[in-house]
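Right, one structure below, let's go through it.
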Number of protein chains: 2
Amino acid sequence: MQLAVDVGENALTERQKDVLDAALALLVEAGDALTMTSVARRASCSKESLYKWFGDRDGLLTATVQWQASKVRAVPVNPEAFNLASLTAGLQRFASDWLHVLSGTISVALNRVAVGHAGSDKHDLGVIVLENGPFAMARRLKPLLQLGRDTGLLHFNETDEAFRTFFGLVVRDVQIRLLLGDRLELTDASIDRDSLRATQQFLALYGAQTEAAEGGH
Amino acid sequence: MQLAVDVGENALTERQKDVLDAALALLVEAGDALTMTSVARRASCSKESLYKWFGDRDGLLTATVQWQASKVRAVPVNPEAFNLASLTAGLQRFASDWLHVLSGTISVALNRVAVGHAGSDKHDLGVIVLENGPFAMARRLKPLLQLGRDTGLLHFNETDEAFRTFFGLVVRDVQIRLLLGDRLELTDASIDRDSLRATQQFLALYGAQTEAAEGGH
DNA sequence: GCCGTACCGTACCGTACGTTACGGCAGTGG
DNA sequence: CCACTGCCGTAACGTACGGTACGGTACGGC
């Protein structure tokens with residue numbers, strides 16, 4: 001028995017993690033056209049092992065998505081010396097991180113297969129991606145928003161509404177266009193610019209100061 | 001020879017339109033698991049005819065997406081007696097229409113298959129949906145935005161930036177959550193509410209009056 | 001009446017791929 | 001040395017489905 005990662009139920013050996021990384025790479029290259037044979041060949045393992053470890057193709061895909069999700073861990077926000085500057089910086093950093101993840105090839109590939117599978121009977125992948133995508137983003141951001149409200153820097157009634165507005169201002173049409181195959185290059189510079197713009201717009205809508213920076217320029 | 005619709009290259013007989021409607025229904029039910037045999041059976045036509053008319057499976061899917069796109073025609077905006085009230089009404093009506101289309105089962109199904117196909121070699125469906133989705137929305141909305149700017153009601157430099165902000169405020173996380181299979185019921189009442197909120201937020205960001213309605217409450 | 005055209009229904013073919021089975025090999029405990 | 005286990009590599013099986021072929025029917029033109 002080798003070392004296993006402590007993901008509760010999902011105890012993965014190092015070998016299995018390597019296999020899942022190979023599956024991830026193939027998912028990026030070939031999308032849902034990924035075959036069990038191709039995974040076995042890429043990972044230099046036998047198909048027998050694939051079926052023993054993951055049950056069937058869906059099990060492999062599910063494990064792959066969960067494995068990727070387990071790699072992206074949230075960086076918590078520290079509420080020390082909280083003021084408008086740190087709130088702004090937090091929002092901006094958050095938007096930047098999110099746009100970077102969103103536009104990455106792995107995120108695009110995983111969202112594509114999850115969206116595809118959500119159409120058939122197997123909703124598992126969709127639920128997992130939903131849980132580790134928008135919902136995880138909400139769970140991470142809401143404490144910051146509530147801290148902003150508690151300190152009087154932000155005004156809103158429903159935290160969820162404020163979050164979803166921020167989501168819209170940050171993501172806009174970027175994700176759907178990427179998923180549909182639009183060539184949309186996001187450079188670090190443009191992501192920085194968009195994060196700043198989204199943050200300023202959000203503060204203009206929900207900030208306590210009406211003299212907040214004009215959004216959109 | 002039956003009557004043909006005047007779509008330039010794509011001359012479709014009534015029979016073929018019926019077939020495409022059947023394919024559309026199956027696409028909603030089964031998603032990409034749709035088979036040529038199922039389409040033939042549902043439309044009471046022979047597979048031979050399917051291949052004669054549409055070439056192959058991809059051709060059938062492409063024709064189906066285009067057929068749906070041809071059914072959704074834009075309602076132009078009339079720039080008579082243009083003022084803040086009509087601008088607001090136009091934006092709000094636009095947001096409402098868009099949310100209704102977006103949350104419809106057909107739109108969800110088509111976006112799902114297009115996203116799935118964008119991952120493989122066949123980018124056609126993605127391009128078509130992109131063209132008839134976000135891009136068409138932009139083409140329809142931009143004249144209204146520019147009219148607003150010309151009349152001094154709106155302030156922005158890049159029309160595209162203004163459009164994308166409006167897109168984000170309207171769509172938010174709704175589309176990606178629907179595509180991923182989230183049960184998200186949009187009632188007429190909630191759509192009306194969201195359209196109003198998005199419009200007010202947009203005017204708060206880009207409107208000439210700083211005393212515009214506070215967004216988000 | 002006869003032919004050509006268009007189409008339906010169905011049977012058929014080829015292949016790709018998920019899944020299973022088997023032979024061989026390395027490492028480990030006794 | 002020998003059994004056992006875990007795994008690789010590959011071959012084999014079954015099936016679903018894209019694509020094709022063919023017989024049968026209706027209809028319009030001559």
Side-chain angles (χ1 to χ4, degrees), chain A residues 1-5 10-27 29-65 112-113 116-117 119-122 124-125, chain B residues 1-5 10-27 29-65 112-113 116-117 119-122 124-125:
Chain A
M1 179 66 71
Q2 306 182 26
L3 285 183
V5 71
N10 312 352
L12 294 177
T13 66
E14 294 302 320
R15 185 80 184 97
Q16 289 166 351
K17 291 191 217 170
D18 292 343
V19 170
L20 293 182
D21 278 328
L24 218 37
L26 281 172
L27 223 43
E29 295 174 18
D32 209 1
L34 164 149
T35 67
M36 300 297 280
T37 304
S38 70
V39 174
R41 197 159 38 218
R42 175 72 67 101
S44 294
C45 77
S46 69
K47 294 208 280 183
E48 187 182 21
S49 300
L50 290 185
Y51 284 98
K52 171 186 267 198
W53 291 334
F54 307 109
D56 57 4
R57 187 173 186 276
D58 268 315
L60 173 64
L61 288 180
T62 303
T64 303
V65 174
R112 281 199 180 130
V113 305
H117 279 233
S120 76
D121 301 333
K122 299 287 183 181
D124 301 344
L125 291 186
Chain B
M1 178 64 72
Q2 306 184 24
L3 285 182
V5 70
N10 312 350
L12 294 177
T13 66
E14 294 302 321
R15 183 80 184 95
Q16 290 166 352
K17 294 191 216 167
D18 291 342
V19 170
L20 293 182
D21 279 327
L24 218 38
L26 280 172
L27 223 43
E29 295 174 17
D32 209 2
L34 165 149
T35 67
M36 300 298 278
T37 304
S38 71
V39 174
R41 198 159 36 218
R42 175 72 67 100
S44 294
C45 77
S46 69
K47 292 209 301 183
E48 188 182 20
S49 300
L50 290 184
Y51 285 99
K52 171 187 264 198
W53 291 333
F54 307 109
D56 57 3
R57 186 174 186 274
D58 268 315
L60 173 64
L61 290 180
T62 303
T64 303
V65 174
R112 281 197 180 132
V113 303
H117 279 234
S120 75
D121 302 332
K122 298 288 184 182
D124 302 344
L125 291 185

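Here the structure is a predicted model, which means the values were calculated and not measured. Order of the sequence lines fixes the chain letters, A, B, ..., with proteins taken first and strands second; residue numbering starts at 1 for each chain. Hydrogens, waters and symmetry mates are skipped; everything else that's a heavy atom, side chains included, is used.
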Quiz item: In chain order, what residues pass the side chain to side chain contact (heavy atoms under 4.5 Å, CB included) check against A/Asp21, with sequence neighbours excluded?
Solution: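 A/Asp21: side chain to side chain contact (heavy atoms under 4.5 Å, CB included) contacts with A/Leu24, A/Trp67, A/Lys71.
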Exercise. With sequence neighbours left out, write down each residue that passes side chain to side chain contact (heavy atoms under 4.5 Å, CB included) with B/Arg42, or none if nothing qualifies.
Key: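 Expected list: B/Ala22, B/Ala25, B/Leu26, B/Glu29.
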Between the protein and nucleotides 12-18 of chain D, which nitrogen or oxygen pairs are less than 3.5 angstrom apart?
residue, atom, partner, partner atom, Å
D/dG18, OP1, B/Arg57, NE, 3.0
D/dG18, OP2, B/Met36, N, 3.0

Can you name the salt bridge (charged side-chain N to carboxylate O under 4.0 Å, His left out) partners of [X], sequence neighbours left out?
{"X": "B/Asp32", "answer": "B/Arg57"}
{"X": "B/Asp56", "answer": "none"}
{"X": "A/Glu48", "answer": "none"}

Quiz item: Closest heavy-atom contact between B/Val19 and B/Cys45?
Solution: CG2-SG, 4.2 Å
Quiz item: What pairs with A/Ser49 under side chain to side chain donor-acceptor pair (under 3.5 Å), at least two apart in sequence or on another chain?
Solution: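 Expected list: A/Ser46.
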Self-check item: All side chain to side chain donor-acceptor pair (under 3.5 Å) counterparts of B/Ser44, not counting sequence neighbours
Solution: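 Listed in chain order: nothing, the list is empty.
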Exercise. Indicate whether OP1 or OP2 belonging to C/dC7 is found under 4.0 Å from a side-chain N or O atom of B/Trp53.
Key: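 Answer is yes, contact under 4.0 Å.
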Exercise. Report yes if at least one side-chain N or O of A/Ser49 is closer than 4.0 Å to OP1 or OP2 of D/dC8; otherwise report no.
Key: yes
What's the [atom1]-[atom2] distance between [X] and [N], to the nearest Å?
{"X": "A/Lys52", "N": "C/dG18", "atom1": "NZ", "atom2": "C1'", "answer": "19 Å"}
{"X": "B/Phe54", "N": "D/dG19", "atom1": "CZ", "atom2": "C1'", "answer": "16 Å"}
{"X": "B/Arg15", "N": "C/dC7", "atom1": "CZ", "atom2": "C1'", "answer": "9 Å"}
{"X": "A/Leu50", "N": "C/dA21", "atom1": "CG", "atom2": "C1'", "answer": "15 Å"}
{"X": "A/Asp18", "N": "D/dC7", "atom1": "CG", "atom2": "P", "answer": "13 Å"}
{"X": "A/Leu26", "N": "C/dC17", "atom1": "CG", "atom2": "P", "answer": "13 Å"}

Quiz item: Is the backbone N or O of A/Leu34 less than 3.5 Å from a side-chain atom of A/Ser38, with the two atoms forming a donor-acceptor pair by type?
Solution: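 Looks like no, no N/O pair under 3.5 Å.
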Output one line per pair: protein atom, nucleotide atom from nucleotides 22-29 of chain C, and distance, for all N/O pairs under 3.5 Å.
residue, atom, partner, partner atom, Å
C/dC22, N4, A/Glu48, OE1, 3.0

